[in-house]
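Structure record follows, encoded as structure tokens.
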Amino acid sequence: MGLPDRFTPKFYKMGVRAREVAAVFVKHGFFWVAEALEVTRYFPRTLREKIVTTEDYKLPVAVRIRRVIEELGPTYIKAGQILSSRPDLISPDILKELAKLQDDVPPFPYELVQDVIESELKVPLDRVFRSFARVPIASASIGQVHEAVLRSGQEVVVKVQRPDIEQIVFIDTDLMHAIAMYAEKRFQWARLYNFVERVDEFTKTIRQEMDYTIEGQNADRLARNFEDDETIRVPAIYWDHTTRRVLTMEYIHGIKIKDKDKLHARGYDLTYLTEAIGNAYIKMILIDGFFHGDPHMGNIFVMENQVIALIDFGMVGIVDPIMRRNMARYFIAIVNQDAEGLVEVLGEIATIDQSTDRAALVREVGRLMSKYADVTIGQIRLDAIVMELFNISMKHRITMPGEFTLMDKTFITLEGLGRHLDPDFDLVGTAEPAARMLLQRELDPRNFGHEAAKVVLDTRDLFTALPRRLNKITRSLEQGRFQVKLDTEQYSESVKSAARRVSNSVNRLALAIVLAAVILLAAQVIPRDQVVLHGWTMGQVTLAVLVLLTVILSFTLFRSNRK
């Protein structure tokens, strides 16, 4: 790539790389990138006029995008590989071209592999490994994988990072951010795609992938989550031979899930395998909240006794309890063809522009749901629904968070993988029971005590801060500095939104006060050790009454909030 050596100042490296990146984009007709990187002086107008008359410029945009990525090297190839599994974001013609990037990364020489390993492990390679394959079994944008045998006789695979990849990635991702910022200022499509956030997500992902200790920790965590499940296997990590740039893990003997003919020849039940993989990912996302984020066909193997093995843990997703709950509601709304419920879930998950006409949004989602009114659950294609929902979201200015798009990408990839093995695979139907179980668990009365405690604490904080805030408002009024800003175009929606928030706050406050009063009264006046009913003490009866009261009040407030 021609980057200066490590002793050259960073600003100079950035300038050199910016001109290289801009030159490649300009060469293929994407002139606005040179403007984004502020290097247009290097590309005169006469050059532009010459380029637009070439045969290459007449090629389809998708082909030119793929050629740009290939010329720009590892960082851009990795971005293209990630985008190649995003049919919800990328048009089919571009997806077809990006798919060609998956296995087209040349390996780096064995001599450099040896240098990296010995530099990281601080010992000669032959002191660690009894044998080490000189030719890699896989080569990717960040590193490559070699078969090896440890001195103990254990068969392993060793992932070795490309030399100098770290500085290349850091400079490239900084430039990507600059391009994204410019694109959002200039192009509406970039704002609707939330281009800057997408680049920032990619930056976080690829920089984490360059630290192989993080990948090892991800593998260990997944192994713990499946330690009681004999159908799923996660390879062991050899930490004595693992660093930021070298990862040594157990060798997995098995058949890649994409080799359908080999699986048939071994007599494996493809329907069973599909269901096992689907259930594993549903568990990871909806139950554990920690999932393998790259389930493509090269990362899943079938071992003896139809055990499913996962590899490559550089990309994982973490889902907080609120997002898991909303994802469960998302699946149930799709199964029930509940347009209003789906829009409500989107409102919880995403950011909806204040100018969005929610009634029109519900009608459009309703039309989407009506397309599936006469089909069975098994005929519902999640990828088709997600793509249409994404188009609707773009139209109505809805911005999806990164964690949700990673889950969507994982589910879409998983559905494609499942239908490759079993054309009747039903991902939505597979996910629905787990989704309902999750929501039922959330409604368990035993969980109300924790929620009530949070309400009481919120109320305490409100009353603690209220006098200070009132004093501030009063001083502002006395000094004539109190201002009210009103956006007349969004006044109606803002008032409605504020009214809803005030109503919800008042409801929570009322619930907290009632519960606190009852708890204090019970603590003061009720003899808790006195047996009153079939061996139950007064304290136990009181607790049961409080739980029942909480359920009734919560249900009443829920209905009130819905209205």
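Because only heavy atoms are used, hydrogens play no part in the values below, and waters and symmetry mates are left out as well, while side chains stay in. Quick caveat: nothing in here was measured; it's all calculated off a predicted structure.
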[X] side chain to [Y] backbone, donor-acceptor under 3.5 Å:
X: Asp200; Y: His177; value: no
X: Thr413; Y: Pro295; value: no
X: Gln337; Y: Ser370; value: no
X: Glu215; Y: Phe313; value: yes
X: Arg64; Y: His28; value: yes
X: His146; Y: Ala133; value: yes
X: Glu250; Y: Ile237; value: no
X: His420; Y: Lys258; value: yes
X: Thr274; Y: Phe425; value: no
X: Thr356; Y: Ile352; value: no

> Going through the checks in order, is the salt bridge (Lys or Arg N to Asp or Glu O under 4.0 Å) test met by Glu147 and Arg134?
Replying inline: CA-CA 9 Å; Glu147 297 176 330; Arg134 298 177 68 91; over 6 Å; no
Would you call [X] and [Y] a side-chain contact if the rule is heavy atoms closer than 4.5 Å?
X: Leu310; Y: Met284; result: yes
X: Tyr281; Y: Thr410; result: yes
X: Leu342; Y: Leu389; result: yes
X: Phe30; Y: Val61; result: yes
X: Leu72; Y: Phe25; result: yes
X: Gln81; Y: Leu98; result: no
X: Gln167; Y: Asp164; result: yes
X: Ile206; Y: Thr173; result: yes

> Are there more than 12 heavy atoms of other residues, nucleotides or ligands under 6.0 Å from atom NZ of Lys27?
Replying inline: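 12 or below, so no.
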>> Can you tell me if Met297 has over 12 outside heavy atoms packed within less than 6.0 Å of its CE?
In response: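 More than 12 heavy atoms, drawn from other residues, nucleotides or ligands, come within 6.0 Å of this atom.
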Quick check: closest heavy atoms across [X] and [Y], and the distance to 0.1 Å?
X: Tyr212; Y: Leu247; answer: CD1-N, 3.7 Å
X: His292; Y: Asp312; answer: NE2-O, 2.8 Å
X: Phe43; Y: Ala22; answer: CE1-CB, 3.7 Å
X: Met327; Y: Phe411; answer: CE-CE1, 3.6 Å
X: Leu37; Y: Leu175; answer: CD2-CD2, 3.9 Å
X: Leu125; Y: Ile117; answer: CD1-CD1, 3.9 Å

What distance do [X] atom [atom1] and [Y] atom [atom2] have between them, rounded to the nearest 0.5 Å?
X: Arg66; Y: Ile77; atom1: CZ; atom2: CD1; value: 11.0 Å
X: Phe301; Y: Ile255; atom1: CZ; atom2: CD1; value: 10.5 Å
X: Ile179; Y: Trp32; atom1: CD1; atom2: CH2; value: 6.5 Å
X: Leu83; Y: Ile69; atom1: CG; atom2: CD1; value: 7.0 Å
X: Leu421; Y: Leu270; atom1: CG; atom2: CG; value: 5.5 Å
X: Ile168; Y: Met210; atom1: CD1; atom2: CE; value: 10.0 Å

> Are Ile277 and Ile257 close enough, and set up right, to give a side-chain contact (heavy atoms from CB on, under 4.5 Å), and what steps lead you there?
Replying inline: CA-CA 10 Å; Ile277 295 170; Ile257 202 73; 3.8 Å; yes
Is [X] salt-bridged to [Y], cutoff N-O under 4.0 Å?
X: Glu166; Y: Arg245; value: no
X: Glu344; Y: Arg329; value: yes
X: Arg207; Y: Asp172; value: no
X: Arg67; Y: Glu71; value: no
X: Lys100; Y: Glu70; value: no

> What's the verdict on salt bridge (Lys or Arg N to Asp or Glu O under 4.0 Å) for Asp174 and Arg17, showing C-alpha distance, side-chain angles and the deciding distance?
Replying inline: CA-CA 11 Å; Asp174 285 346; Arg17 183 56 174 159; over 6 Å; no
> Stepwise, does the side-chain hydrogen bond (donor to acceptor under 3.5 Å, both in side chains) test hold for Thr54 with Asp56?
Replying inline: CA-CA 5 Å; Thr54 62; Asp56 284 350; 5.7 Å; no
>> Under the rule for salt bridge (charged side-chain N to carboxylate O under 4.0 Å, His left out), what residues qualify as partners of Glu38, not counting sequence neighbours?
In response: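 Partners of Glu38 by the salt bridge (charged side-chain N to carboxylate O under 4.0 Å, His left out) criterion come out as none, since no residue qualifies.
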> Does the salt bridge (Lys or Arg N to Asp or Glu O under 4.0 Å) test come out yes or no for Glu201 and Lys204, once each step is laid out?
Replying inline: CA-CA 5 Å; Glu201 290 168 9; Lys204 180 181 178 181; over 6 Å; no
> Given the rule in the side-chain contact (heavy atoms from CB on, under 4.5 Å) test, do Met407 and Val319 qualify, once you have shown the distances and angles that lead to the verdict?
Replying inline: CA-CA 9 Å; Met407 279 190 290; Val319 194; 3.8 Å; yes
>> side-chain contact (heavy atoms from CB on, under 4.5 Å) for Ile398 and Ile392? Distances and angles first, verdict last.
In response: CA-CA 8 Å; Ile398 301 174; Ile392 292 172; 5.6 Å; no
> Aromatic rings Phe187 and Tyr182: how do their planes relate, parallel, tilted or perpendicular, breaks at 30° and 60°?
Replying inline: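 Rings of Phe187 and Tyr182: perpendicular, over 60°.
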>> Please identify which of these residues, Arg162, Lys159, Gln161, meets the side chain to side chain contact (heavy atoms under 4.5 Å, CB included) condition with Ile142.
In response: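 The passing option is Gln161.
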>> Checking Lys256 against Asp259 for the side-chain contact (heavy atoms from CB on, under 4.5 Å) test, could you report, in this order, the C-alpha distance in whole Å, the side-chain angles of both residues, the deciding distance, and whether it holds?
In response: CA-CA 6 Å; Lys256 285 186 178 181; Asp259 295 328; 3.8 Å; yes
